[in-house]
Amino acid sequence: MKPKSYLLITFLVVSTYLPVWSQIQAGAKAGYNFSSIRGVKEYDVVPSYNIGGFAKYKVTDFLQARAELLYFQQAANLEDYFVLPGELFRSKARVTFHNIQVPILAEFGLPSLAEEPLQPKILIGGFFSYTLYAREHFNNNVTVTGYEKLTYEGKSNVTSIFNRTQYGLQAAVVAELQAFGFPVTMEFRYQYNLNPFSEGDNANRFNLSGTHERWGEKMYLSTLSFNIGVKLIDL
């Protein structure tokens, strides 16, 4: 094939897809997470964070398809427990999940407000995440007859005892505005995990039995996030 033919084909392909790509926006986002085990019982939330990027494609004047790739932490408090009855007791235990998460969302807005400085929007969709690493943090409280009580912080790798894949639903309310020449979004997002992070044999583990007794045979996570995003480029 002659070079001119290659140039002609390249031009036709680019011309065909340029209108599509020109409707794609990409940017970065980050935020704080507040997670806890989900249930009717009262439980303090555990703070963490998320960071990553997003891309969205304009489907209609009021709808955009949005995909994200995030490093996303979730965490939960655990019940205190004995390792060695009468000698080693762990308090203030919590587990943190270090996840890679992919949310797929529909972003709804009002076309009549498209030119306004402040635009309200709604996000609805789902997510899938994979746990790279799960770590338990705790205080070790050591009591040995004839010695002073000793307390020190500890941590352990507990990745293998929890479900490493999570999926569920997300919904958010969003405010989009201009700041320093960039479209900036502020959002409150709620994440509802559909599958349990802990179940089955975990109910008999020394470090989880008390938590399972409180929350049931299966334990689920939920997270409320406050996020800030900024659009950086139009592709």
Side-chain angles (χ1 to χ4, degrees), residues 6-35 38 48-74 97 99-132 165-195 220-235:
Y6 282 115
L7 291 174
L8 179 60
I9 292 174
T10 302
F11 174 78
L12 291 174
V13 171
V14 172
S15 300
T16 300
Y17 287 99
L18 187 58
V20 174
W21 284 101
S22 64
Q23 298 181 78
I24 295 179
Q25 301 174 349
K29 67 186 294 286
Y32 286 102
N33 299 334
F34 301 92
S35 304
R38 186 174 72 246
S48 56
Y49 68 94
N50 70 84
I51 187 169
F54 68 87
K56 55 185 182 178
Y57 169 71
K58 183 178 179 181
V59 180
T60 68
D61 289 339
F62 65 88
L63 172 63
Q64 290 183 307
R66 180 185 181 107
E68 300 177 354
L69 179 62
L70 306 173
Y71 166 71
F72 193 95
Q73 290 186 356
Q74 282 189 288
F97 300 93
N99 306 317
I100 293 295
Q101 186 184 96
V102 180
I104 303 295
L105 305 158
E107 181 179 299
F108 297 94
L110 296 174
S112 59
L113 299 178
E115 302 301 323
E116 296 297 322
L118 179 63
Q119 301 177 43
K121 295 185 177 182
I122 294 176
L123 294 176
I124 298 175
F127 74 92
F128 175 84
S129 68
Y130 181 78
T131 299
L132 300 174
T165 57
Q166 291 285 303
Y167 55 87
L169 305 174
Q170 292 185 350
V173 290
V174 182
E176 184 173 298
L177 62 148
Q178 291 287 328
F180 305 105
F182 292 95
V184 175
T185 59
M186 295 183 292
E187 67 170 47
F188 285 98
R189 183 181 299 194
Y190 179 68
Q191 176 170 305
Y192 186 93
N193 289 41
L194 289 175
N195 65 315
Y220 300 81
L221 287 169
S222 287
T223 301
L224 178 66
S225 302
F226 173 70
N227 306 310
I228 295 178
V230 56
K231 188 195 79 171
L232 299 176
I233 56 174
D234 288 302
L235 299 176

Distance from [X] atom [atom1] to [Y] atom [atom2], nearest 0.5 Å?
X: S48; Y: F72; atom1: OG; atom2: CZ; result: 7.0 Å
X: L105; Y: I122; atom1: CG; atom2: CD1; result: 13.0 Å
X: F128; Y: I100; atom1: CZ; atom2: CD1; result: 11.5 Å
X: N227; Y: E68; atom1: CG; atom2: CD; result: 8.0 Å
X: I233; Y: I24; atom1: CD1; atom2: CD1; result: 10.0 Å
X: L177; Y: L118; atom1: CG; atom2: CG; result: 6.0 Å

Hey, can you tell me if F108 and F62 have their rings parallel, tilted or perpendicular (30° and 60° cut-offs)?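 Geometry flag for F62 against F108: parallel rings.
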
Is it true that atom [atom1] of [X] has more than 12 heavy atoms of other residues, nucleotides or ligands lying nearer than 6.0 Å?
X: Y71; atom1: OH; value: yes
X: I104; atom1: CD1; value: yes
X: F182; atom1: CZ; value: no

ring-ring contact (aromatic ring centres under 6.0 Å, His included) with Y130: which residues, sequence neighbours excluded?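 ring-ring contact (aromatic ring centres under 6.0 Å, His included) check on Y130 returns nothing, list empty.
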
With a distance cut-off below 6.0 Å to the six-membered ring centre and an angular limit of 45° from the axis, does R66 pair with Y57 as a cation-pi contact?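 Output no; distance or angle outside limits.
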
Using a 4.5 Å cut-off on heavy atoms from C-beta on, say whether the side chain of [Y] contacts that of [X].
X: E187; Y: K29; value: yes
X: L123; Y: R189; value: yes
X: Q25; Y: Q64; value: yes

side-chain contact (heavy atoms from CB on, under 4.5 Å) partners for T185, two or more places apart: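 Scan of T185 (side-chain contact (heavy atoms from CB on, under 4.5 Å), adjacent residues dropped) gives V174, E176.
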
Tell me, please, which residues at least two apart from F127 pass side-chain contact (heavy atoms from CB on, under 4.5 Å).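 Testing F127 for side-chain contact (heavy atoms from CB on, under 4.5 Å), a comparison that skips the adjacent residues, returns Q101, P103, S129, Q166, Q170, Q191, N193.
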
For the residue pair L70 and G52, what are the closest heavy atoms and their distance?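 For L70 and G52, the tightest heavy-atom pair comes out as CD2-CA, 3.8 Å.
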
When you measure from the side chain of [X] to the backbone of [Y], do you find a donor-acceptor pair of N or O atoms at a distance under 3.5 Å?
X: N50; Y: Q73; value: no
X: N33; Y: Y49; value: yes
X: R38; Y: L221; value: yes

I228/V184 under side chain to side chain contact (heavy atoms under 4.5 Å, CB included): CA gap, chis, key distance, verdict: CA-CA 7 Å; I228 295 178; V184 175; 4.0 Å; yes

Is the shortest side-chain N to carboxylate O distance from K58 to E107 below 4.0 Å?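 Here K58 does not pair with E107 in a salt bridge, since their nearest N and O are not under 4.0 Å apart.
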
Side chain to side chain contact (heavy atoms under 4.5 Å, CB included) between Y190 and T223, worked out: CA-CA 6 Å; Y190 179 68; T223 301; over 6 Å; no

Tell me if the aromatic rings of Y32 and F226 count as close, with their centers under 6.0 Å from one another.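 No.
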
